[in-house]
Amino acid sequence: MPTRAVALACVVVLCAVVAPAAQASVLINAPTPLTKRCGDVIKTGVWHRDDGVERGRKVSISIRTLTGKTVWSRRVTARDTWRYFTYRPRCGRRYVVRYVVEGGVDESRVRIRA
């Protein structure tokens, strides 16, 4: 009987580990490098992994100043090919690139050299 209990516990743990991965069907392109030269663009992007899940493809992308002012934003639907968007920032500033998807929020701070 202990063998059944161990097997059942393994199945429960395996389901708990595998189930959340199925929800991550939208991938984002975080800006790199996080410190850019003056004149470089901030490149953002989204992609929908075709895993049979149709929900959660809406993505809000915004670029904000450190004080919270939105200087650029897009509401997009992720597709099965990468979609990229660019923003040409002002030199000597710092920005926050923010992605809002069904699974949560992702933020990256980007510094533009003077």
Side-chain angles (χ1 to χ4, degrees):
M1 287 298 189
T3 308
R4 272 192 195 171
V6 170
L8 181 61
C10 289
V11 169
V12 170
V13 169
L14 182 62
C15 289
V17 170
V18 173
Q23 295 176 358
S25 59
V26 174
L27 301 177
I28 61 171
N29 181 54
T32 57
L34 296 179
T35 300
K36 297 182 174 286
R37 294 185 315 238
C38 182
D40 287 352
V41 297
I42 297 175
K43 182 178 177 183
T44 61
V46 296
W47 176 64
H48 177 259
R49 183 180 63 214
D50 189 16
D51 58 359
V53 178
E54 288 299 317
R55 68 184 193 288
R57 295 176 60 174
K58 302 286 186 192
V59 181
S60 293
I61 309 169
S62 63
I63 299 177
R64 302 174 182 192
T65 62
L66 290 183
T67 59
K69 179 183 174 189
T70 301
V71 294
W72 181 92
S73 67
R74 292 284 186 277
R75 287 189 48 81
V76 299
T77 300
R79 297 184 183 154
D80 59 354
T81 57
W82 278 99
R83 295 180 68 192
Y84 293 105
F85 309 94
T86 59
Y87 171 73
R88 187 165 304 277
R90 293 179 60 183
C91 298
R93 303 284 175 111
R94 293 175 188 240
Y95 297 92
V96 178
V97 178
R98 179 181 170 101
Y99 289 91
V100 180
V101 295
E102 183 182 87
V105 176
D106 183 74
E107 291 185 345
S108 300
R109 292 181 182 262
V110 179
R111 177 180 162 239
I112 311 299
R113 292 187 181 139

Ignoring hydrogens and geometry, is there a side-chain-to-backbone donor-acceptor pair from [X] to [Y] under 3.5 Å?
X   : Y   : value
R64 : V71 : no
Y95 : I42 : no
Y99 : N29 : yes
R83 : T77 : yes

Side-chain touch V46/V76, heavy atoms, less than 4.5 angstrom: yes
Contact between K36 and V110 at the side-chain level, heavy atoms closer than 4.5 Å - yes or no? yes
Check whether [X] and [Y] end up in the same hydrophobic cluster, where Ile, Leu, Val, Met, Phe, Trp and Tyr are linked by side-chain heavy atoms less than 4.5 Å apart.
X   : Y    : value
W72 : I28  : yes
I63 : V100 : no
L27 : Y84  : yes
V59 : V96  : no

How far does [atom1] of [X] sit from [atom2] of [Y], to the nearest 0.5 angstrom?
X   : Y    : atom1 : atom2 : answer
I61 : D106 : CD1   : CG    : 11.0 Å
T81 : H48  : OG1   : NE2   : 12.0 Å
R90 : T65  : CZ    : OG1   : 10.5 Å

So which heavy atom on [X] is nearest to which on [Y], and how close?
X    : Y   : value
R113 : C38 : O-CB, 3.4 Å
P31  : V97 : CG-CG2, 3.8 Å
V41  : P89 : CA-CD, 4.1 Å
R79  : R57 : CA-NH2, 3.6 Å

How about S62 and R98: does a side-chain donor come under 3.5 Å of a side-chain acceptor? no
Over 60° means perpendicular and under 30° means parallel, so tell me whether W47 and W82 are parallel, tilted or perpendicular. parallel
